[in-house]
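Report on the structure given below.
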Amino acid sequence: MKTSKKPLKISFSTQKGGVGKSTLTTLVASVLHYRLGYNVVVIDCDFPQHSLTHMRERDKNNIIQNEYHKKAAMKQFHNINKKAYPIIKTKSQYALDKAAEYEEKSPVTPDVIFFDLPGTANTTGVLTTLKMMDFIFSPITADRLVVESSLSFSKAFLELPKTVEGNEKQELWLFWNQVDGREKTELYAAYQNVIEALKIPLMQTKIRDSKRFRKETDGTENYIFRSSLLPAEVNLLKATRMNLFIYEFLKITHL
Ligand SMILES: Nc1ncnc2c1ncn2[C@@H]1O[C@H](COP(=O)(O)OP(=O)(O)OP(=O)(O)O)[C@@H](O)[C@H]1O
Ligand SMILES: [Mg+2]
């Protein structure tokens, strides 16, 4: 049944490349869709790489070829009997229209639509699409260049004049990703002071640096982490702090 509630538009986004936008999109989307009962849609606007669209293909192959994944998929099908969330491939400038088109024709209203946008803000359509998001979650890593470019971008973005097209209730949150648990506490504290002074909200959860994120399933692993067809295993979510991240994410978005 369609409800009148509008789906939330959310983007993991930052100007800096390679800090975890696509990875976080997949991890959060899969846990929400397959484990927590939400209906999710992903719009893959990262032209021309379309990393999420390609990942879906690899995930399908894994389920066919890898016994561990196959078993998990069968079990999931038995338990929730739910279709995989769509990953819709497009370009940034068409992303909002594509999402609206999907909403229109889908028998169930999605609860959340994730937009995976290209890193470079000056790609056509990125800024206009970002302006319409309900929430932007922006990963930062403890690297001077990453922090500086992310903060200056966030600041500039938040200061863009409020136009009719913008979403006035939009919230932008920063979060730490790839955190090495053992060191650099002073560095994080120093950056946190700067972030606070700029009045940009920062999430409490620090996502750990872990090889699990890097290792794309090559068909031999006996675990599930980053997959668009299966949710990450609970013990791995805990080990990486992703469980706390998702908890905080749900609190912020009121999903
Ligand atoms: N917490 C983490 N620990 C270790 N590696 C991570 C973590 N988060 C992301 N990575 C790795 O960093 C790399 C870049 O991540 P990802 O592709 O998600 O970034 P992106 O921001 O989408 O990049 P792009 O700008 O190219 O689209 C990937 O190899 C990913 O597995
Ligand atoms: Mg990406």
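Read the numbers this way: they start at 1 and go in the same order the structure lists the ligands and their atoms.
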Query raised in the report: Do R208's NZ or CZ and the ring of F245 fall within the cation-pi criteria of under 6.0 Å and 45°?
Result: no
Report task. Answer side chain, backbone, both or neither: which part of D46 comes under 4.0 Å from ligand 1, heavy atoms only. Result -> side chain
Query raised in the report: ligand 1 and V19, any nitrogen or oxygen pair closer than 3.5 angstrom?
Result: yes
Report summary line: In ligand 1, the atoms that come under 4.0 Å of a heavy atom of G17 are 25 (O)
Query raised in the report: How does K211 reach ligand 1, by side chain, by backbone, by both or by neither, if only non-hydrogen atoms under 4.0 Å count?
Result: neither
Report task. May I ask which of Q178, K21, Q15 has a heavy atom nearer to atom 2 (C) of ligand 1 than the others do? Result -> Q178
Requested in this report: Could you tell me whether S22 approaches ligand 1 through its side chain, its backbone, both or neither, with non-hydrogen atoms closer than 4.0 Å?
Outcome: both
Requested in this report: Measure the acute angle between the ring planes of Y191 and W176, then classify it against the limits of 30° and 60° as parallel, tilted or perpendicular.
Outcome: tilted
**Report entry** D209 and ligand 1 - part of the residue with a heavy-atom distance under 4.0 Å
**Finding:** both
**Report entry** Contact (N/O only, under 3.5 Å) between Q49 and ligand 1
**Finding:** no
Requested in this report: Ignoring hydrogens and angles, state whether a donor on the side chain of Q178 or T141 is under 3.5 Å from an acceptor on the partner side chain.
Outcome: no
Query raised in the report: What do you reckon, does R212 put a non-hydrogen atom under 4.0 Å from ligand 1?
Result: no
Query raised in the report: Short question: side chain of D44, backbone of T53 - any donor-acceptor pair under 3.5 Å?
Result: yes
**Report entry** From the candidates M55, R241, R214, K206, the one that places a heavy atom nearest atom 29 (O) of ligand 1
**Finding:** R214
Query - Heavy-atom donor-acceptor pair, S154 side chain to S150 backbone, under 3.5 Å - result: yes
Requested in this report: Please determine if R208 has a nitrogen or oxygen closer than 3.5 Å to a nitrogen or oxygen of ligand 1.
Outcome: yes
Query raised in the report: V41, Y94: one ILVMFWY side-chain cluster at the under-4.5 Å cut-off?
Result: no
Query raised in the report: Applying a strict 4.0 Å limit to heavy atoms, is G20 in contact with ligand 1?
Result: yes
Query raised in the report: For the residue pair F249 and F137, does the interplanar ring angle fall in the parallel (under 30°), tilted (30 to 60°) or perpendicular (over 60°) class?
Result: tilted
Query raised in the report: Quick check: does any side chain N or O of S30 sit under 3.5 Å from a backbone N or O of L27, one acting as donor and the other as acceptor?
Result: no
Query raised in the report: Is the distance from the Mg ion (ligand 2) to some N, O or S atom of S51 under 2.8 Å?
Result: no
**Report entry** Nitrogen or oxygen atoms of G18 and ligand 1 under 3.5 Å apart
**Finding:** yes
Query raised in the report: If you measure every N/O of F213 against every N/O of ligand 1, is any gap under 3.5 Å?
Result: yes
Query raised in the report: Taking N or O atoms only and a 3.5 Å limit, does K16 qualify as a polar contact for ligand 1?
Result: no
Requested in this report: State, to 0.1 Å, how close R241 and T205 come at their nearest heavy-atom pair, and which atoms those are.
Outcome: O-CG2, 3.5 Å
Report summary line: side chain to side chain contact (heavy atoms under 4.5 Å, CB included) with I87: of M55, H50, E57, R56, only one passes, and it is R56
